[in-house]
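Report on the structure given below.
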Number of protein chains: 2
Amino acid sequence: MALDDRKRLILQAIVEDYINSAEPVGSRSISKKPELNLSAATIRNEMGDLEEMGLLAQPHTSAGRVPTTGGYRMYVDSLMERYEMTAAEIEKMRQATSMKKQELEKIVRDVAAAFSGITGLPVIGMLPASEAGVVKNIKVVKVDDYTAMLIVSDKSGIIKNRLLKLNQDISESFADELSQILNQNLAGLTISEINISNMMEIRSAIGHNFEILTSVIELVHEAVSEIDSKQIFVDGLSNILRFPEYSSVDKVKELFDVLEDKENLSKLIVEANPTNCTKVLIGEEMPLDALKNNSLVIAPYRASDRLVGLLGVIGPARMDYSRIISGLEFFTAQLSGVLTKDFGTRQILLEMGKGDET
Amino acid sequence: MALDDRKRLILQAIVEDYINSAEPVGSRSISKKPELNLSAATIRNEMGDLEEMGLLAQPHTSAGRVPTTGGYRMYVDSLMERYEMTAAEIEKMRQATSMKKQELEKIVRDVAAAFSGITGLPVIGMLPASEAGVVKNIKVVKVDDYTAMLIVSDKSGIIKNRLLKLNQDISESFADELSQILNQNLAGLTISEINISNMMEIRSAIGHNFEILTSVIELVHEAVSEIDSKQIFVDGLSNILRFPEYSSVDKVKELFDVLEDKENLSKLIVEANPTNCTKVLIGEEMPLDALKNNSLVIAPYRASDRLVGLLGVIGPARMDYSRIISGLEFFTAQLSGVLTKDFGTRQILLEMGKGDET
DNA sequence: TGTTAGCACTCAACGCGAAAGAGTGCTAAT
DNA sequence: ATTAGCACTCTTTCGCGTTGAGTGCTAACA
C-alpha cells in the first residue's frame, strides 16, 4: 500500500496531536482540521490503512490511534517541519555560552542546563574522552603554606589539577625541582604505564621525603584516570515528572535507575553512536529494555571539525521531536562555535602535542 | 497524665513498628510482642492515653495508630537505642575516606555518596562558606602553549582555580609578572571590592595586552564568588522512590522541587542551624510547608574544632532515626578525623592567613 | 469510484453499593 | 488493674451496570 500525500498529512496530524495531548487521537478530531477537508469516516479508513502499515496502533479496540515507533520514525524522517527557535530561546542560549574563557566542563554544563530549561526535558552531556591519556606535562606549584597544586596536562590538551596537602612547608624551588623530576619520569607515559617501578625511580631521584612522593604519584594517577574516563552527567532530571508517561513511580524509577548509573548510561550513549550528525533513537529502537517507551536525541559538538563531546535529550517517545532536534542542533552548533573560536586556531583541546615546556 | 515506663515501652514499640511497616499499627500487633506481656485491650487503653498526649494519631477511627511529630520527637529524644554500625558499613565508610590527600569537595562528595548508599536516603552536603572571601594570593602559572592557570587562594585557605585560554603564547616570566601585579592590586580585598577601578589600575600597571587583563579579572571575580557562596549538593535523590510515602508523583515532585532549588535548600539547612551537634528536624518542625511530612537529620563536620561544613539526610518522617543518627554521627566524626589529620596542625582550611608569598 | 452519513458494537472509565476486614471503644467479668 | 467480648466505624475491595468515546461496516450519494 502506498503512502500517498493524504496519508502523510493525516499521519503528521495524528503524531502532532498526540505529541500535544498525550491521548489517543480519534478520527473526529483530525477531520476537524481545516487543512484536510475530510469527514471522520474517510479519516477512519485512512487510519485503518496506516495501522495496517504499522505506523499507528490502537491501545484497545474502541480507542483512538497512537503512533508506533515506526510512525514516529516516519514523522521524524520525512514529515515534520523544522522548528524555528524563538528570540527568547536564542537569548537564553547566548547567555549560557557568553561566559567564555572557562573550562570546557563548565561551558558544557551551563549549556546543558540552559537547554534543559528550554525543552523541559533531562539533558545528558558527555565530555571528551581523551585518546589513551598520555601525560604531556606535570607541574607542581606552591600555592600556600602547606599546600601545592599539581597540574597535569595530557597530549590532547585536557588539564586536570589536584591539591596537594603537605605536612611541612616547601620552598618554591623544591616545587620546581619536583616538577622537573616528575616530567622527566612520567611525560609521554599513559596511565597504565605509571606504576610502582616509575615510582621507585622517582623516589631514588628525590632521595628524601618519601611521603610527599607517595601522595604525588597517587594524585597524578588519579588526575590521569579522570582524563582517561569520559565524563557523563544529566541535568534537569526532575523535568520528566511533568509528563503523564511518568505518572507511576515505577516508571520514574525505571528511568532514574538507568540515568543515575553512569556506566549504563555511557554504554547507551556510545551505542547510539552519533558519529557525525544528530541521531534519534525512538522507543523500541532504544537498546535498553527499560527505555522502550522513551526516545533519545543526541548530537555531537566539535571544536574545528574534531569531535569533542555529545549532548543529548531523553524523554518519552511522545516528545516534540521538531523542537528538540532543531534546538539540539542549534545548541551543539553554538557550542562548537564557541569552542572553535575561544580556543584559537591551534586548539588547546585538540592540539596533538608538539614540544614540551617545563 | 504521666508517661510511665509502660507507656514509654509501648510508644517505642509503636514507633519502631511503624518505621518498619509504614502501616498504622494496631493494638493486637503490639500485644504480641513478648517484652510487654499485655492484652490488646490494655494496649488500646494505653494507646488512647498516648493519643490524648499528642504522641499518636489515628488516620481514621478504625485504623491503627501512627506517631505524630511529637511522638517521633519523644522517640528520638529519649526512647530509641543507639544503632551500632555493622562491620560492612564501617568498611564502606573507611573506603570512602581512604582516598585521602584530596580536595575537600571530593572527599565530602565521596562520603555523602557512601552514606547515601548505606542509608538508602538522599544525603545533603554543604561545603564551607568562607568568611568574607578575602583574596589572599593569586598566582598565574603557564601550563601549556596558549593556556595558563589562575590559582586564587583566600584567607580561610580555600583554593579555586580557572583555566585561562589565550590567543597568543606567553612566557613564564610574563606569567610571573602578571602574578605579581595581581597580588599587589588585589590581595586583601574582598570580592565586592574587586571592581572597575582596580581593573583600571592593573591595566595601567601592565600597560599593554588589554584583552588578557579583561579575562583575568573576570576569572578572578568568578573564582572569588565561588569561594564566597557556600556550595550545596544532594546525592542519591532517587532513593526516596523506594518509600511508599512517595508513591504519588506529586509527592515526589514536591520534594524534588525543594531539593533541586539550591537557594531554598541552603536556606533550609541554615535555618536548621546545627551549630555544634547533630540536629533532627521532624515532620511539622520543618520550616518549609512542602516538607511537613519529611524529616531532616543534619550534623556538622569539623577540622580541629572549627566548623567546616554540614552533612544531612532527608527522608520521610518515618525514617529509621536510630540508624540515621548513629550513622551520620559516625560519618561526620570520621570526616572530621580525616580533615583534622590530613590537613596538619595548622589547618590548611582554617588557617587565618599570616604571611604572603608570591 | 471515492466520500460520507448512519448505526451497531466494543471497551475503558466511572460511580455505586454490598461485603469484607481491620481496628477501635466500651462494658462487664475476673 | 486487666482482659474477654461485642457492637460499631470506616477503609478497601470487588462486582456490576452505566456512560461515552471511538471504531468498523454498510448503504447511500456525488
Side-chain angles (χ1 to χ4, degrees), chain A residues 1-11 13-15 17-18 20-68 71 244-245 247-248, chain B residues 1-11 13-15 17-18 20-68 71 244-245 247-248:
Chain A
M1 195 175 324
L3 193 70
D4 57 30
D5 276 359
R6 196 170 72 179
K7 282 193 172 57
R8 297 165 71 90
L9 267 175
I10 292 172
L11 179 57
I14 292 171
V15 172
D17 193 297
Y18 185 64
N20 284 327
S21 70
E23 310 242 305
V25 347
S27 53
R28 252 182 76 76
S29 60
I30 296 302
S31 77
K32 272 179 201 144
K33 305 221 178 231
E35 59 266 33
L36 18 140
N37 216 350
L38 296 168
S39 75
T42 309
I43 303 286
R44 274 202 293 281
N45 288 331
E46 297 287 36
M47 278 173 152
D49 293 350
L50 289 168
E51 179 163 5
E52 219 171 288
M53 289 186 248
L55 301 173
L56 294 179
Q58 279 182 296
H60 54 88
T61 20
S62 75
R65 297 313 205 288
V66 163
T68 60
E245 276 82 351
S247 60
S248 116
Chain B
M1 195 177 325
L3 192 69
D4 57 31
D5 276 358
R6 197 171 72 178
K7 281 194 173 54
R8 297 166 71 89
L9 268 175
I10 291 172
L11 178 58
I14 291 171
V15 172
D17 193 296
Y18 184 65
N20 284 326
S21 69
E23 311 242 303
V25 347
S27 55
R28 251 184 75 78
S29 60
I30 296 300
S31 77
K32 273 180 199 142
K33 306 221 177 234
E35 60 266 33
L36 19 141
N37 217 350
L38 296 169
S39 76
T42 310
I43 303 287
R44 273 202 293 281
N45 288 331
E46 296 287 36
M47 277 173 154
D49 292 352
L50 288 168
E51 180 163 2
E52 215 170 291
M53 288 185 246
L55 301 174
L56 295 179
Q58 278 182 299
H60 54 87
T61 20
S62 76
R65 294 320 204 283
V66 162
T68 61
E245 275 83 350
S247 59
S248 116

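Scope of the values below: all heavy atoms of this structure, side chains included, with no hydrogens, waters or symmetry mates. Below, chain A is the first sequence line, B the second, and so on; all start at residue 1. Just so it is clear, the model here is predicted, and its values are computed rather than measured.
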Q: Take the protein atom CG of B/Asp17 and the nucleotide atom P of C/dG23, then report the distance between them rounded to whole Å.
A: 10 Å

Q) Hey, where on DNA chain D does chain B first and last touch, going 5' to 3'? Cut-off is any atom under 4.0 Å from a heavy atom. A) D/dT2 to D/dT11

Q. Do side-chain atoms of A/Thr68 reach the backbone of A/Gly54 as a donor and acceptor pair under 3.5 angstrom?
A. yes

Q: Please list, by residue number, the residues of residues 46-66 of chain B whose heavy atoms come closer than 4.0 Å to an atom of DNA chain C; answer none if no residue qualifies.
A: B/Met47, B/Gln58, B/Thr61, B/Ser62, B/Ala63, B/Gly64, B/Arg65

Q) For B/Ile30 and B/Leu36, which heavy atoms make the closest approach, and how far apart are they? A) CG2-CD1, 3.9 Å

(Q) From CZ of B/Arg44 over to P of C/dA22, roughly how many Å is that when rounded to an integer? (A) 14 Å

Q: Check the distance between C/dG23's P and B/Asn45's CG and give it to me in whole angstrom.
A: 17 Å

**Q.** Heavy-atom pair with the smallest gap, counting every atom of A/Ser31 and A/Ser39
**A.** CB-C, 3.7 Å

Q | Contact nearer the 5' end of DNA chain D, comparing A/Ala41 with A/Pro24 | A | A/Pro24

Q. Can you list the residues that meet the side-chain contact (heavy atoms from CB on, under 4.5 Å) rule with B/Ser248, with sequence neighbours excluded?
A. B/Asp250, B/Lys251

Q) So which pairs with a foot in residues 50-63 of chain A pass salt bridge (Lys or Arg N to Asp or Glu O under 4.0 Å), sequence neighbours left out? A) A/Glu51-A/Arg65

Q: Looking only at non-hydrogen atoms, find the nearest pair between B/Gly71 and B/Val15 and report the distance.
A: O-CG2, 4.4 Å

Q: Not counting sequence neighbours, which residues clear salt bridge (charged side-chain N to carboxylate O under 4.0 Å, His left out) with B/Glu46? List them please.
A: B/Arg6, B/Lys7

Q.
Tell me every residue that passes side-chain contact (heavy atoms from CB on, under 4.5 Å) with B/Ser247, counting only those two or more places apart in sequence or in another chain.
A. none

